[in-house]
S.K.: 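Have a look at this one before I ask anything.
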Amino acid sequence: MASGIPSFSSDRWRLPLLIAGLLIAAAGHPRGNSMLEMLSSPIWVRTHSMTLAGLVAMFCGLLLYSHSQSGMTGDVRRWTRFVIVATGLEVVEMVVHTLAVVDRDHLAAGAATPVLSVHLAMTVAIYPFFAISLIGFIVASARTRAIGSWWLAPIGILGATAHGLAALLVIVGGNKSVSFLFAGIALVGLWLILAALWPLPKRATSTLGSEV
């Protein structure tokens with residue numbers, strides 16, 4: 001078990017990751033058997049705006065983490081870069097995702113849906129990349145005890161896997177019955193909360209700043 005005491009003053013990445021986790025875990029996702037039903041949900045803008053804010057906080061937290069951990073191993077550094085890029089892309093996608101509501105009436109009328117179409121295309125491309133990058137980051141950082149632990153890793157891995165598969169199975173595969181997988185990002189939020197609060201082991205806190 002970790003034995004160091006988490007410090008929000010010295011580890012500045014903890015607070016934004018905690019905020020990110022709280023927002024993402026609490027956001028939820030509109031339900032519906034079709035895209036039109038989900039776009040028509042009164043919670044579409046609220047839930048996606050919360051997720052967007054959470055992703056922005058996550059991006060900031062990861063940037064702070066990458067600059068503060070001078071002693072991180074090569075694997076952790078590499079996966080941190082990947083997940084920062086992937087999270088940045090998720091932020092851009094979530095902006096378009098949220099704005100897709102403007103095409104609700106167009107979709108109902110069978111007209112062109114440019115914003116929705118761009119959102120769906122970006123989802124298919126970005127969600128799997130985000131999932132792979134986040135899983136790699138979680139595994140690499142758990143292995144070195146740089147952030148979180150193996151106790152927490154399965155939560156984040158399960159959430160990231162569900163999030164990535166949702167885009168492929170629902171949008172590409174057309175399997176609307178598994179649309180609940182989109183809500184898997186809530187588990188990513190839970191992992192962020194726990195990782196932000198999880199203390200580093202004493203050996204890590206004593207060496208992170210001194211290793212090359």
Side-chain angles (χ1 to χ4, degrees), residues 16-17 20-21 23-41 43-63 79-138 156-189 191-192:
L17 288 190
L23 287 168
I24 292 172
H29 192 274
R31 295 183 180 182
N33 295 319
S34 67
M35 192 72 245
L36 180 58
E37 286 185 17
M38 287 188 284
L39 281 175
S40 300
S41 171
I43 67 170
W44 176 277
V45 174
R46 175 177 61 81
T47 58
H48 290 98
S49 295
M50 287 180 65
T51 302
L52 172 59
L55 289 169
V56 171
M58 180 179 175
F59 180 77
C60 293
L62 289 170
L63 276 180
W79 283 109
T80 300
R81 290 170 180 164
F82 283 144
V83 79
I84 287 172
V85 172
T87 304
L89 291 173
E90 280 266 326
V91 168
V92 176
E93 191 284 329
M94 193 54 61
V95 171
V96 181
H97 196 143
T98 306
L99 294 175
V101 71
V102 302
D103 279 340
R104 177 182 54 208
D105 293 340
H106 295 163
L107 181 63
T113 55
V115 181
L116 176 61
S117 298
V118 171
H119 145 53
L120 294 176
M122 292 179 71
T123 296
V124 171
I126 294 172
Y127 278 27
F129 175 53
F130 176 76
I132 293 169
S133 300
L134 182 56
I135 290 170
F137 174 72
I138 291 172
I157 292 172
L158 180 60
T161 301
H163 186 65
L165 285 176
L168 300 177
L169 295 178
V170 178
I171 298 175
V172 178
N175 189 352
K176 300 296 191 299
S177 64
V178 295
S179 59
F180 64 88
L181 290 174
F182 283 111
I185 197 171
L187 290 177
V188 173
W191 179 83
L192 287 167

S.K.: On a heavy-atom basis, which atom in Ala27 and which in Arg46 lie closest, and how many Å separate them?
M.R.: O-NH1, 4.3 Å
S.K.: Could you check whether atom CZ of Phe82 has more than 12 heavy atoms from other residues, nucleotides or ligands sitting under 6.0 Å from it?
M.R.: no
S.K.: For the residue pair Leu52 and Val91, what are the closest heavy atoms and their distance?
M.R.: CD1-O, 3.6 Å
S.K.: Name the atoms and distances for all side-chain donor-acceptor pairs under 3.5 Å in residues 160-167, with sequence neighbours left out.
M.R.:
| unit_1 | atom_1 | unit_2 | atom_2 | d |
| --- | --- | --- | --- | --- |
| Thr161 | OG1 | Ile157 | O | 2.7 |
| His163 | NE2 | Glu90 | OE1 | 3.4 |
| His163 | NE2 | Glu90 | OE2 | 3.3 |

S.K.: Using the six-membered ring wherever Trp is involved, compare the ring planes of His29 and His48 and label them parallel, tilted or perpendicular (cut-offs 30° and 60°).
M.R.: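 His29 vs His48 ring planes: perpendicular.
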S.K.: I'd like to check Tyr127 versus Ile171 (side-chain heavy atoms, cut-off strictly below 4.5 Å). Are they in contact?
M.R.: no
S.K.: Do you know the tightest heavy-atom contact between Leu62 and Thr80?
M.R.: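 In terms of heavy atoms, the two residues are closest at O-CG2, 4.3 Å.
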S.K.: Sequence neighbours excluded, which residues qualify as side chain to side chain donor-acceptor pair (under 3.5 Å) partners of Thr113?
M.R.: Ser117
S.K.: What's the separation between atom CG in Leu89 and atom CZ in Phe129, rounded to the nearest 0.5 Å?
M.R.: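 Answer rounded to 0.5 Å: 6.5 Å.
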S.K.: Please answer whether the main-chain N or O of Val115 pairs with a side-chain N or O of Asp103 as donor and acceptor at a distance below 3.5 Å.
M.R.: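 Side chain of Asp103 to backbone of Val115, a donor-acceptor pair under 3.5 Å: yes, one is there.
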S.K.: For Met58 and Leu17, which heavy atoms make the closest approach, and how far apart are they?
M.R.: O-CD2, 3.8 Å
S.K.: Could you go step by step and tell me if His119 and Glu93 meet the side-chain contact (heavy atoms from CB on, under 4.5 Å) rule?
M.R.: CA-CA 7 Å; His119 145 53; Glu93 191 284 329; 2.8 Å; yes
S.K.: Show the numbers, then the answer: is there a side-chain contact (heavy atoms from CB on, under 4.5 Å) between His97 and Trp44?
M.R.: CA-CA 10 Å; His97 196 143; Trp44 176 277; 3.6 Å; yes
S.K.: Would you give the length of the straight line joining atom OG1 of Thr87 to atom CD1 of Ile126, rounded to the nearest 0.5 angstrom?
M.R.: 11.0 Å
S.K.: Do the non-hydrogen side-chain atoms of Arg104 and Ser40 ever get within less than 4.5 Å of each other?
M.R.: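 In contact.
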S.K.: What are the two closest heavy atoms between Thr98 and Ser49, and how far apart are they?
M.R.: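 Nearest pair, atom of Thr98 first, then Ser49: CG2-OG, 3.9 Å.
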S.K.: I need the Leu187 CG to Leu192 CG distance, nearest 0.5 Å.
M.R.: 11.0 Å
S.K.: To the nearest 0.5 Å, what is the distance between CG on Leu63 and CD1 on Ile84?
M.R.: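 Reported value, rounded in 0.5 Å steps: 4.5 Å.
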S.K.: At their closest point, which heavy atom of Gly54 faces which heavy atom of Ala20, and how far apart are they?
M.R.: O-CB, 3.1 Å
S.K.: Measure from the side-chain N and O atoms of Trp79 to the backbone N and O of Ser133, and report whether any donor-acceptor pair falls under 3.5 Å.
M.R.: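 Looks like no, no N/O pair under 3.5 Å.
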S.K.: What distance separates Asn175 CG from Leu181 CG, expressed to the nearest 0.5 Å?
M.R.: 9.0 Å
S.K.: Are the side chains of Leu23 and Thr51 in touch, meaning some heavy atoms are under 4.5 Å apart?
M.R.: no
S.K.: Supply the atom-to-atom distance Leu168 CG to Thr123 OG1, rounded to the nearest 0.5 angstrom.
M.R.: 10.5 Å
S.K.: Could you please spell out the steps behind the side-chain contact (heavy atoms from CB on, under 4.5 Å) verdict for Leu39 and Leu116?
M.R.: CA-CA 10 Å; Leu39 281 175; Leu116 176 61; 4.1 Å; yes
